[in-house]
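Structure first, commentary second.
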Amino acid sequence: MSFPWAREYQPTNGLMKFLDEKLPLPRLVYGAIGAGYPVPRNLSYMWNFGVLAGFCLVLQIVTGVVLAMHYAPNALVAFGTTEHIMRDVNWGWLMRYAHANGASFFFIVVYLHIFRGFFYSSYKAPREMIWLLGVVIFLLMMATAFMGYVLPWGQMSFWGAKVITGLFSAIPVVGEPIQVWLLGGFAPDDAALNRFFSLHFLLPFVIAGVVILHIWALHIPGSSNPTGVEIKDESDTVPFHPYYTAKDGFGLGVFLIAYCVMVFFLPNYLGHPDNYIEANPLATPAHIVPEWYFWPFYAILRSFTVDFFFVPAKLMGVLAMFSAILMWFFLPWLDRSPVRSGHYRPLFRKFFWFGLIPTMAVLFYCGGAPAIEPYVMLSQLATAYYFLHFLVVLPLVSSFEKPEPLPFSITESVLGSDKPALSGE
Amino acid sequence: MIRLFGISIGLVFAVAVLWAFANGVVSVAPVVSQYGSFTEPTAETVFHRHPKELHLQSDGPLGTWDYAQLQRGYQVYKEVCSACHSMKFLAFRDLEQLGYSPAQVKAEAATWQVPGVNPDTGEADMRPGTPIDSFPSPYPNKIAAAAANNNAVPPDLSLITKARHGGASYVYSLLTGFQPQPAALLKEFPDAKTPPGLHYNPYFANLNLAMAPPLTAEGQVAYGPGNPKPTINQMATDVAAFLTWTAEPKLQKRHQTGWPVLGFLLLATILAYLAKQQIWAAIKPKKTAATGSSDA
Ligand code: HEM
């Protein structure tokens with residue numbers, strides 16, 4: 001879009017000329033995801049996940065709107081209407097499984113998208129705004145998913161809602177009133193279920209709005225790439241269409257195969273059996289666990305088991321859990337290395353593969369396990385590293401590290417020399 | 001500035017959580033040295049058993065229903081389990097999916113008594129079932145159910161195989177797992193004696209449940225000619241299969257829809273790959289070290 005060699009939209013027939021004058025929508029599409037958008041020629045499949053996340057969002061909205069036609073947000077019947085969808089509504093089982101597993105796959109895709117950002121420091125200038133909007137999207141996604149999980153009104157729905165809104169009660173003085181205000185009562189019931197349904201329907205459209213801003217912001221500098229070297233001239237780029245439409249299309253196929261295997265053959269694998277038991281405020285489940293995509297943050301929450309000076313353990317856990325995500329907002333200014341790509345940052349790379357990744361794996365595992373030893377102690381060690389990684393290691397590594405030499409340009413990195421591609425050698 | 005601020009926040013969280021870790025070490029150390037494990041063993045942690053293996057025709061991605069077995073399982077449910085358990089998400093008409101004709105279903109429904117209203121007095125009453133009624137609870141309400149069963153309400157069975165880890169294997173193991181409490185358990189945990197009115201079963205989470213063994217004798221349910229011998233094992237397997245169906249009547253349809261969908265996607269993805277290769281062929285060089293070293 002912002003490159004001088006970007007092709008300009010040429011309407012070919014009368015209708016398109018008319019449209020282009022009155023409402024240049026085709027021009028917008030051409031420049032955003034068509035042949036008018038030059039993209040680095042060397043993007044790996046890690047750059048596929050943005051498009052896949054967009055696909056998931058549409059998928060969730062379509063299946064969700066259909067589900068909402070048959071669902072009723074009332075504590076007496078909510079569980080029953082979900083079963084009605086599974087049993088009596090034509091293809092209702094498919095809609096529900098597609099939506100539930102769609103949420104999981106949305107998170108898988110977005111986690112990969114975010115970790116691509118961590119490894120390639122995609123958050124650095126000039127892409128800070130893309131990143132900031134991305135973190136906003138992630139927060140909105142978490143809120144949406146949390147409220148969606150409450151709707152079927154199973155045991156985990158109810159107790160999850162109770163535990164998570166209960167976090168607010170850790171805030172001194174105003175905490176309890178805030179919890180009652182959020183729920184519309186002292187425990188999750190009709191009031192909470194109705195407002196969660198309303199917000200769960202609304203938020204995906206808010207996300208869609210922020211995604212538009214995210215992509216708008218992306219189109220100003222354009223995508224980064226695995227070398228992290230910025231685009232120098234036209235030979236570094238290819239038009240988005242047909243090159244990346246074709247590549248993303250293949251990626252979408254692979255994604256859909258994995259997704260459909262889960263939907264058709266393992267639809268409950270990522271869920272919890274307790275959510276097939278109707279909510280019962282009098283029977284606490286043996287282990288209350290959130291959905292798998294919250295596990296790392298749930299582990300951080302539960303790691304703070306003792307008071308820290310005058311701060312109660314519970315409040316410390318809540319602060320840590322929220323900070324664990326909110327601090328991502330500051331990444332562009334914490335990591336000051338001039339080199340973006342982890343491929344050219346030897347020290348950073350070690351901390352990424354041997355620090356951050358195993359830490360996330362431990363947090364993930366422990367968050368899904370019961371809050372007993374040794375899981376608590378393991379998540380405590382992992383939580384410590386998690387904070388140190390982003391807030392201490394990243395700022396310091398950039399001062400000590402000697403980056404490896406960068407290729408002169410994207411084209412050189414692809415062809416081994418800075419000559420335009422003539423032969424295939 | 002931001003970095004100094006970040007480093008200090010990071011250190012605060014790290015110190016706080018490591019302090020919690022240190023406290024954890026102090027409290028766990030004696031447990032580990034005494035028992036050799038992180039938690040104190042209890043009767044449940046030592047004697048609880050994972051479900052036995054059970055193979056049903058509906059298992060796996062190619063799984064289909066064995067209608068004869070489902071019909072037998074229905075018979076077990078009707079003659080044994082329905083004395084205590086409801087199945088509210090299934091209506092009698094759903095039995096048509098097991099191969100019964102509408103007339104058979106109508107007759108079958110009429111053999112059940114469901115809550116109704118006396119047309120003359122308007123008072124609560126029982127009446128024969130019709131195909132649209134769901135499988136009723138034998139108790140008027142939860143309090144009555146609990147009062148009749150040692151304070152435990154028999155759960156609705158519609159979704160039971162989805163609502164427990166292990167699903168059908170769990171139900172099968174539970175039904176065949178009743179046994180006298182092992183002497184070793186009582187020796188190790190004298191306080192864990194099964195309370196009166198409860199029944200020892202190592203497959204149940206806390207080892208003692210309020211359900212008395214429902215399947216106790218071979219031939220308890222008389223299967224029609226041409227069916228396998230109604231051993232306890234056979235009856236338990238059949239009812240577990242039936243409860244797999246009740247939990248998800250659409251399972252077979254799901255499997256049968258999944259294969260063509262996957263086949264189509266596979267084909268489409270191969271085509272998409274070939275299209276991508278062709279489009280990129282013009283500008284893509286042979287594999288060179290494209291992105292520097294990616295090893296750590
Ligand atoms: C609904 C969710 C999201 C959608 C639909 C979405 C969409 C996209 C798309 C289409 C791209 C360009 C293609 C690509 O680089 O993969 C992109 C780039 C990017 N996204 Fe997202 N995104 C989402 C969430 C997020 C989140 C949660 C973050 C971070 C917290 C994030 C950070 C970024 C960054 C930094 C880039 C630029 C990457 C680069 O050029 O190197 N996005 N996004």
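Just so we're clear, the structure is a prediction, and the values are computed from it rather than from any experiment.
The contact between A:Leu319 and chain B is made by backbone and side chain atoms together, counting heavy-atom distances below 4.5 Å. Looking at B:Ala205, there are no atoms closer than 4.5 Å to chain A (heavy atoms on both sides), in backbone or side chain. The parts of A:Trp333 that come within reach of chain B are both its backbone and its side chain, each placing non-hydrogen atoms under 4.5 angstrom from that chain. Looking at A:Ser323, the atoms closer than 4.5 Å to chain B (heavy atoms on both sides) all sit in the side chain, from C-beta outward. For B:Leu262, the part lying near chain A is the side chain, with the backbone staying farther off; criterion is any non-hydrogen pair under 4.5 Å. Heavy atoms closer than 4.5 Å to chain A are found nowhere in B:Leu251, neither backbone nor side chain. Both the backbone and the side chain of A:Val254 come within contact range of chain B, with heavy atoms under 4.5 Å apart. Both the backbone and the side chain of B:Pro61 come within contact range of chain A, judged by heavy atoms closer than 4.5 Å. Only the side chain of B:Leu18 comes within contact range of chain A, with at least one heavy atom under 4.5 Å from a heavy atom of that chain. When heavy atoms are compared at a cutoff of 4.5 Å, A:Val263 approaches chain B solely by way of its backbone atoms N, CA, C and O. For chain B, the nearby part of A:Tyr97 is the side chain; its heavy atoms alone come within less than 4.5 Å.
Here B:Ala163 is the residue among B:Ala163, B:Gly6, B:Ala247 with the most heavy-atom pairs under 4.5 Å with chain A. If you tally non-hydrogen atom pairs under 4.5 Å between each of A:Arg87, A:Glu373, A:His389, A:Met377 and chain B, the highest count goes to A:Arg87. Listed options B:Ser8, B:Gly24, B:Ala16 were ranked by heavy-atom pairs under 4.5 angstrom with chain A; first place goes to B:Ala16. Counting heavy-atom pairs closer than 4.5 Å to chain B, the top residue among A:Pro405, A:Ala320, A:Gly251 is A:Ala320. Your options are B:Val25, B:Thr269, B:Val17, and the one with the most heavy-atom pairs under 4.5 Å with chain A is B:Val17. Most heavy-atom pairs under 4.5 Å with chain B: of the set A:Asp274, A:Leu334, A:Thr305, this distinction falls to A:Leu334. Ranked by heavy-atom pairs under 4.5 Å with chain B, the list A:Phe308, A:Phe265, A:Tyr385 is led by A:Phe265. In terms of non-hydrogen atom pairs under 4.5 Å with chain A, the most contact-rich of B:Lys250, B:Lys88, B:Met1 is B:Lys250. Ranking B:Leu90, B:Leu271, B:Thr257, B:Leu266 against chain A, the residue ahead of the rest is B:Thr257, based on heavy-atom pairs under 4.5 Å. Of the residues considered (A:Pro407, A:Pro374, A:Gly271, A:Gly228), A:Pro374 shows the highest number of contacts with chain B, using heavy-atom pairs under 4.5 Å. Heavy-atom pairs under 4.5 Å with chain B peak, among A:Gly253, A:Ala246, A:Pro273, A:Pro267, at A:Pro273.
Close approach to chain A, defined as a heavy atom under 4.5 Å from one of its heavy atoms, is seen in B:Val28, B:Phe38, B:Thr39 of residues 27-49 of chain B, taken by number.
Looking at A:Asn42 and A:Pro226, their side chains come closer than 4.5 Å, going by heavy atoms from C-beta outward. By the 4.5 Å heavy-atom criterion applied to side chains, B:Arg164 and A:Ile277 are counted as neighbours. Contact of the B:Thr246 side chain with the B:Leu157 side chain is not registered, since no non-hydrogen atoms from C-beta on lie closer than 4.5 Å. A 4.5 Å side-chain heavy-atom check between B:Pro202 and B:His50 finds every atom pair outside the cut-off. Using a 4.5 Å heavy-atom cutoff, the side chains of A:Thr227 and A:Ser341 are not in contact. Side-chain contact check for B:Met211 versus B:His85: some heavy-atom pair is nearer than 4.5 Å.
In this model, no donor atom of one side chain and acceptor atom of the other lie less than 3.5 Å apart for A:Asn48 and A:Tyr244. For the residue pair B:Asp156/B:Ser158, the side-chain donor-acceptor check at 3.5 Å is satisfied.
Annotation: A:His287 is not in aromatic contact with A:His272 [ring centroid separation under 6.0 Å not met]. Taking the six-membered ring wherever Trp is involved, the centroid distance between the rings of B:Tyr203 and B:Tyr170 does not fall below 6.0 Å.
For B:Phe13, the ring-ring contact (aromatic ring centres under 6.0 Å, His included) test picks out A:Phe387, with sequence neighbours left out.
Cation-pi check for A:Lys314 over A:Phe304 is not met; the charged atom does not lie both under 6.0 angstrom from the ring centroid and within 45 degrees of its normal.
Side-chain N or O atoms of A:Asp307 include one that pairs as donor or acceptor with a backbone N or O of A:Ala313 at under 3.5 Å. In terms of modelled atom types and a separation under 3.5 Å, the side chain of A:Gln155 and the main chain of A:Asn275 share no donor-acceptor contact.
Using cut-offs of 30° and 60° on the angle between ring planes, the pair A:Tyr243 and B:Trp280 is perpendicular. Between A:Phe352 and A:Phe119, the ring planes are perpendicular. Angles over 60° get that label, and only those under 30° would be called parallel.
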Applying side-chain contact (heavy atoms from CB on, under 4.5 Å), run through A:Val306 and B:Phe21 and close with a yes or a no.
-> CA-CA 9 Å; A:Val306 297; B:Phe21 174 77; over 6 Å; no

